[in-house]
2 protein chains.
Amino acid sequence: MAVQDASPRNSLQAKKQEVVRGEIWNAAIDLFFEHGFDNVHVDQIAAKAGVSRRTFFRYYGSKEDVMGATVKRYGEALAQAIRDQKAELSSLEAAKAAIKQVLAPTLHTTERVVQVAERSPAARMAQFLQVPLLERDVTWAFVSRSKRATKESALEHRILASLTMTATGMCVEIWVKDQKRPMPEIVDEVFAAIVHLFRAEDEKLKTSRR
Amino acid sequence: MAVQDASPRNSLQAKKQEVVRGEIWNAAIDLFFEHGFDNVHVDQIAAKAGVSRRTFFRYYGSKEDVMGATVKRYGEALAQAIRDQKAELSSLEAAKAAIKQVLAPTLHTTERVVQVAERSPAARMAQFLQVPLLERDVTWAFVSRSKRATKESALEHRILASLTMTATGMCVEIWVKDQKRPMPEIVDEVFAAIVHLFRAEDEKLKTSRR
DNA sequence: AGCGTAATGGCACACCGTGCCATTGTCAAC
DNA sequence: GTTGACAATGGCACGGTGTGCCATTACGCT
């Protein structure tokens, strides 16, 4: 049988698998960081992780997948955080608060990953490939927050999810550029831009309707 | 020399290259459509297009690239259409108008491509991979429309671009689902959702500020 | 006609991803 | 503690991919 039917039939084995998965992940990121994403081959990762090439592929579909895993974890945490926001907050406020909670810790523990993505377009793409999947999760998160799900609001939830992912990307980018700035400040700046955009467009619509 | 230095030094040769590129594209889409994206190999495409495997790779980096090319063309046309909108329109209105102009014709001439993407996740991913690149172009298009580019508005232009790409994706999705509906109607629906979202969030912010 | 350049085709090669099976390890029941 | 069932691993082989290299062909120009 392949690794994990996603049925944690035995939680002990499941934990051991997570250890292996982590081992491989660490080995991969170390190598990416040192030699650049594009110059690392699967064999090297497997060797460094102490497993066979074949086993590597049982845990990750490719080295791109290793990069994607980081984004995936972030996305799942973000979706959960959105769900956990107080009901009084609007969707956008919830997104803002969730990003504030989740992004800074994530970046802190995966700073090397960000650097790797910085230096290799292929690595960035590997990360980006996760976005549509995450957007689905985030959309769900917004849906589960809304009282009644009308058909029109389905579209709005998807737009919100897209905005949330874009905002995340922009925050990371700014954070990389101005290394020193605190994350909450950056998040505020990005969401201020969103709100400002909302207002400006709204104004424009009102005046042009005359 | 590889194909095309991107310098159209001789427009005649350049045109012949475009013919070959088109030949390969047609062959690929035909095969994708008939056998499914995942079951087609590069060799088959090359054979059908009447070129060698090696030459295929000079025109497209992979079969995924062939799928991406369609999206790329759309994105470029869209960016141009945005630039061409009347200056009185707000950015969002310009985006809406541009999508109305560009999306319907594109879908009409590439309906088989949409079907291929429908049936294969890998094909969809190949298309999606183009989005960040296109978003850059579209961002530029919005920038070149705005009178003076302040630093804050840079963020807003990127948000706009992201919204525009998302809107496009949603329009296509709806169009596929309800085959009969005319594109302008779909676009109106999607942008109505965006505006409604803007308003709702704005209201929420105003009331919560008390 | 003949020269120069660009496109092509045909290797060869390293790498990737996967099916297959033999081996190893682990847990449970007896 | 031995045995039996089953999951995880490693090793092999194979088909597919993407690219460097070079010989050959086709084309444009004088």
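In what follows, every heavy atom counts, from backbone to side chain, and hydrogens, waters and symmetry copies are set aside. Numbers restart at 1 for each chain; the letters A, B, ... are given by sequence-line order, proteins then strands. What you see is a predicted model; the values in this text were computed from it and never measured.
OP1 or OP2 of C:dG9 lies within a sub-4.0 Å distance of a side-chain N or O belonging to B:Thr55. Proximity of A:Tyr59 to the phosphate of D:dT9: a side-chain N or O atom is located under 4.0 Å from OP1 or OP2.
Regarding B:Lys16, its NZ atom lies at a distance of 16 Å from the P atom of D:dT25, rounded to whole Å. To the nearest angstrom, C1' of C:dA7 lies 16 Å from CD of B:Glu23. In this structure, B:Arg21 atom CZ and C:dA7 atom P are separated by 11 Å, rounded to whole Å.
By the side chain to side chain contact (heavy atoms under 4.5 Å, CB included) test, B:Thr106 pairs with B:Tyr74, B:Val102, B:Thr110, sequence neighbours left out. For B:Glu34, there are no salt bridge (Lys or Arg N to Asp or Glu O under 4.0 Å) partners two or more places apart in sequence or in a different chain. Under the side chain to side chain contact (heavy atoms under 4.5 Å, CB included) criterion, A:Phe57 pairs with A:Val42, A:Arg53, A:Arg54, not counting sequence neighbours. Take A:Lys100 and apply the salt bridge (Lys or Arg N to Asp or Glu O under 4.0 Å) test, not counting sequence neighbours, and it matches A:Asp188. Taking the salt bridge (Lys or Arg N to Asp or Glu O under 4.0 Å) definition, one finds that B:Arg112 meets it with B:Asp30, sequence neighbours left out. With sequence neighbours excluded, the residues satisfying side chain to side chain contact (heavy atoms under 4.5 Å, CB included) with A:His41 are A:Asp43, A:Gln44. B:Lys48 meets the salt bridge (Lys or Arg N to Asp or Glu O under 4.0 Å) test with no other residue; sequence neighbours excluded.
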B/S/- contact track for nucleotides 12-19 of chain C, protein heavy atom under 4.0 Å: ---SBBBB

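Less than 4.0 Å separates DNA chain C from no heavy atom of any residue of residues 28-37 of chain B.
A 4.5 Å side-chain heavy-atom check between B:Ile82 and B:Ile99 finds every atom pair outside the cut-off.
Checked by distance alone, B:Arg58 brings no side-chain donor or acceptor within 3.5 Å of a matching partner on the base of D:dG18.
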